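Just follow the structure's listing: the first ligand is 1, and inside any ligand the first atom is 1. A quick note: this is a predicted structure, and the numbers were derived from the prediction, not measured.
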Amino acid sequence: MVPLPFANDMASSQPDTANDPLRIGEAIHALLARLFPLHRSQTGAGNRQTFEILSELVPWKIHETPSGTPAFSWTIPREWEITDAHISWSGRRLVDYRESNLHVFNGSRPVRARMTFAELEPHLVVHESFPDAIPYRTAFFRDHWGFCLTRQQWEQLKLLDGPFEVVIDSREFDGSLTHAEFETQTDAEKSFLIWAHCCHPSLANDNLSGVAIAAWLARELAQRPTRHNYRFVLAPATIGAINWIHQNDLGPFVGGIVLTLLGDNQPFHYKMTPSGRTEIDRAFEYLALTENANIRRLEFDPLGYDERQFGAPDCRLKTGRLTRALPGEFPEYHSSRDNLEFVRPEYLGESFELLRRAIDIVDANRVYKNLHGQCEPFLQPYDLYRGFGDDRPASFSPTAVMWVLHLADGRRDLIDMAIRSQRNWNEIRAAADALHRAGLLEPRDIQRDPPG
Ligand code: ZN
């Protein structure tokens, strides 16, 4: 049993509350709140501190890739560190990094200068929609620096006109890029990737909701048997994904999913892999069709999060992506308004539940062949009802039995059968289990769809 991060959380709860989405959402939100203040970036101490806190849930393996290491056509950047930053006037800090780590462009080069407003202004960014919001900007892979501030701060600087003392105490050095991995069953034949980017400072929905939900799911899957190995990876967006793909054999994967933007009140958006036919794609097709009208499915496009890297033509592991809001399409996106009030426990809990359901479906999915083949078998002697066991008699469905017999052609898997029959997954699975036990069905290896 892995030690728990919070004194009053699920450790002391009864099994029924352990499955209560609101309780789960509250625990995930509490975890997210602890991670929120840390200054994450592409590299650096904030990322390591994040992984240290998450190691209270499961023992993450921390990987360090040295600066300068090639990854395809990219190079691992130098490590970036910041200790302080401000814009001051007459000794007063008018914009202060100590109040929000969003005030400085992530990856800014160092600055120490006296400037007029006219000189400073090209380095200032305000939010387009919310005067009170601090935007989030980066200077990755650029020799650049800048400040993000509220409209009121910008007006004040303009009025004062300067001279201002402008300071960014940052440095770059030969260090490493850090990512964290955890695997649930290293002896399993196949793996499934669960990926979340971890490189944004104090933003809750964008990056942290995915990180916290992934970590919570890692903890849960580590505590129960599964058929596949669930391989969780937390890494900086883009360069972290490129580096990971460069370092890993993607052959033993049955699929994967990218997680982020899971704490807001929008409907679910599942973005398909390029083929739209992998098991996780079809699990969400089934869920949208049968169980959850709040899911919208999107075709793949080469924009968005790290599914871009996995979707590249020669990448063997294609991933779907689960979000609620869409990146860039909610006004709080990349601003100080994407905070702990914006993400709510009830939505985090709902997202966790949906993800867990999809993973359970993929884990139990199999192809079956009807061994009787010619017309319907005479079912009377088999007593299929008893075959279901006493634990889940509610899943017994004679209709599902007929559908499974009809669809088990040695090519279709259980997800296809649930989609085609529009029966509940539990019924289809229970029918297949009973028919298999009765010797009327035989599992076959799943024929993988060609990638992309
Ligand atoms: Zn982002």
K.L.:
If you stand at the Zn ion (ligand 1) and look out to NE2 of H200 and NE2 of H334, what angle do those two lines make, to 10°?
P.N.:
110°
K.L.:
Closest to the Zn ion (ligand 1), which N/O/S atom of D206 is it?
P.N.:
OD2
K.L.:
Verify whether one side chain among E119 and T116 offers a donor that lies under 3.5 Å from an acceptor in the other.
P.N.:
yes
K.L.:
Return yes when at least one N/O/S atom of H197 is nearer than 2.8 Å to the Zn ion (ligand 1), and no when none is.
P.N.:
no
K.L.:
In terms of the angle between their ring planes, are Y136 and H200 parallel, tilted or perpendicular, with boundaries placed at 30° and 60°?
P.N.:
tilted
K.L.:
Below 30° counts as parallel, above 60° as perpendicular, anything between as tilted: where do the rings of Y230 and F192 land?
P.N.:
tilted
K.L.:
Does this structure show an ion pair linking R224 with D363, if we count only N-O contacts that are shorter than 4.0 Å?
P.N.:
no
